[in-house]
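Just so you know, residue 1 is the first one in the sequence shown, and it goes up from there. These numbers come from a predicted model, not from an experiment. All ligand and atom numbering here is 1-based and tracks the order in the structure. Computation of the quantities below employed the complete heavy-atom set of this structure, encompassing side-chain atoms and omitting hydrogens, waters and symmetry-equivalent molecules.
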Amino acid sequence: MIKMKDIRKTYPNGVQALNGITIDIDLGEFVYLVGQSGAGKSTFIKIIFGDEKATSGDVQVAGHDVVNMKRKEIPYLRRDIGVVFQDFKLLPTMTVYENVAFALEVVEETPKNIRKRVMEVLDQVGLKNKARFIPDELSGGEQQRVAIARAIANYPKLLIADEPTGNLDPDTSWEIMKILEEINAAGTTIIMATHSKEIVNTIKRRVIAIEGGMIVRDQHRGDYGYES
Ligand code: ADP
Ligand code: ADP
């Protein structure tokens, strides 16, 4: 799914965010990305979904050559990747239904297929009965479930979650993890950046730790490894 070779990223201000990352992630894996703030996790994630360009190195994501990709090819990469963020990033004036449908309209699905698929994914995250609500009328956990529904609507092979439970209380966080585990069980590869020791140490998965822009640990069924 992801083949990364000696990826380096220097931002225009001179900060070296990634200093030679080499990693393979296979189809169907569930990977936690851990590390202190400023370690390079978000930069790693942004390079995978084409939001930042690597300075050097090689990355293949779902068959796309992300480093040499032209800007106009990014939409094709994004069709294969769903992304969810800590702050949900829902469109505030659109309903739940419209937020999800929007992700399908941009890939030119037919109206009939869009209706069917939107209700299907809302059902999958337990929000079919809130399709007409706007984000402000939902709890944080519900908003994150909408964001997940939107991210998986196109059947992505890869789902990236950047601290998806960062703004949620513990009970709600476990609900979100249950949904992510179901999505992974159905075959979608998941990469999740997290600061949750409880989650990483309870739901055991591969753990990749980044420090100073380098991978310092890569463990099968690993531990969180930090105090908090
Ligand atoms: P993390 O997600 O682990 O907190 P980041 O990838 O956000 O780490 O940041 C890695 C380093 O790159 C930090 O030193 C951060 O300040 C810097 N950085 C992140 N984004 C930018 C940017 N757009 N411009 C300049 N420096 C950045
Ligand atoms: P920017 O140009 O500001 O970095 P993007 O074009 O990356 O913004 O993303 C715009 C919005 O689309 C974001 O709010 C994000 O939530 C959403 N988005 C982008 N890519 C994806 C994706 N692959 N899956 C789901 N949502 C996405």
Under the side-chain contact (heavy atoms from CB on, under 4.5 Å) test against Asp24, which residue among Lys3, Met4, Gln60 passes?
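The residue from Lys3, Met4, Gln60 that satisfies side-chain contact (heavy atoms from CB on, under 4.5 Å) with Asp24 turns out to be Lys3.
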
Do any non-hydrogen protein atoms sit less than 4.0 Å from atom 16 (O) of ligand 1?
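No, because not a single protein heavy atom sits under 4.0 Å from atom 16 (O) of ligand 1.
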
In the protein, which heavy atom is nearest to [atom], and how far is it?
atom                    : answer
atom 8 (O) of ligand 1  : Gly40 N, 3.0 Å
atom 18 (N) of ligand 1 : Tyr11 CE1, 3.4 Å
atom 6 (O) of ligand 1  : Thr43 OG1, 2.5 Å
atom 7 (O) of ligand 1  : Ser42 CB, 3.6 Å

Determine, step by step, whether Tyr11 and Thr43 satisfy the side chain to side chain donor-acceptor pair (under 3.5 Å) criterion, reporting the C-alpha distance in whole Å, the side-chain angles of both residues, the deciding distance to 0.1 Å, and the verdict.
CA-CA 10 Å; Tyr11 283 109; Thr43 303; 2.9 Å; yes

Testing the basics here: between Gly40 and Leu18, what is the closest heavy-atom pair and its distance to 0.1 Å?
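Residues Gly40 and Leu18, closest heavy atoms: O-CD2, 3.5 Å.
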
Below 4.0 angstrom from a heavy atom of [X], which ligand 1 atoms are there? Numbered from 1 as shown, please.
X     : value
Gln36 : 3 (O)
Ala17 : 10 (C), 11 (C), 12 (O)
Ala39 : 1 (P), 3 (O), 8 (O)

Decide whether the shortest distance between a heavy atom of Gly38 and an atom of ligand 1 is less than 4.0 Å.
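Yes; Gly38 lies near enough to ligand 1 that a heavy-atom distance drops under 4.0 Å.
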
Any salt bridge between [X] and [Y], counting N to O under 4.0 Å?
X      : Y      : result
Lys197 : Glu227 : yes
Arg117 : Glu120 : yes
Arg78  : Asp80  : no

Check for a donor-acceptor pair, side chain of [X] on one end and backbone N or O of [Y] on the other, with a separation under 3.5 Å.
X      : Y      : answer
Asp223 : Gly225 : no
Lys41  : Val34  : no
Thr202 : Glu198 : yes

Taking N or O atoms only and a 3.5 Å limit, does Val15 qualify as a polar contact for ligand 1?
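Looking only at distances, the answer is no, because the N/O contact criterion of under 3.5 Å is not met.
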
Would you say ligand 1 has an N or O under 3.5 Å from any N or O of Ser37?
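No - when backbone and side-chain N and O of Ser37 are compared with those of ligand 1, no distance drops under 3.5 Å.
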
Going by heavy-atom distance to atom 3 (O) of ligand 1, choose the closest among Glu211, Lys41, Lys46, Glu52.
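Considering heavy atoms of Glu211, Lys41, Lys46, Glu52, the nearest to atom 3 (O) of ligand 1 sits in Lys41.
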
Which one holds for Asn13 and ligand 1: side chain close, backbone close, both close, or neither close, with close meaning a heavy atom under 4.0 Å?
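Side chain only.
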
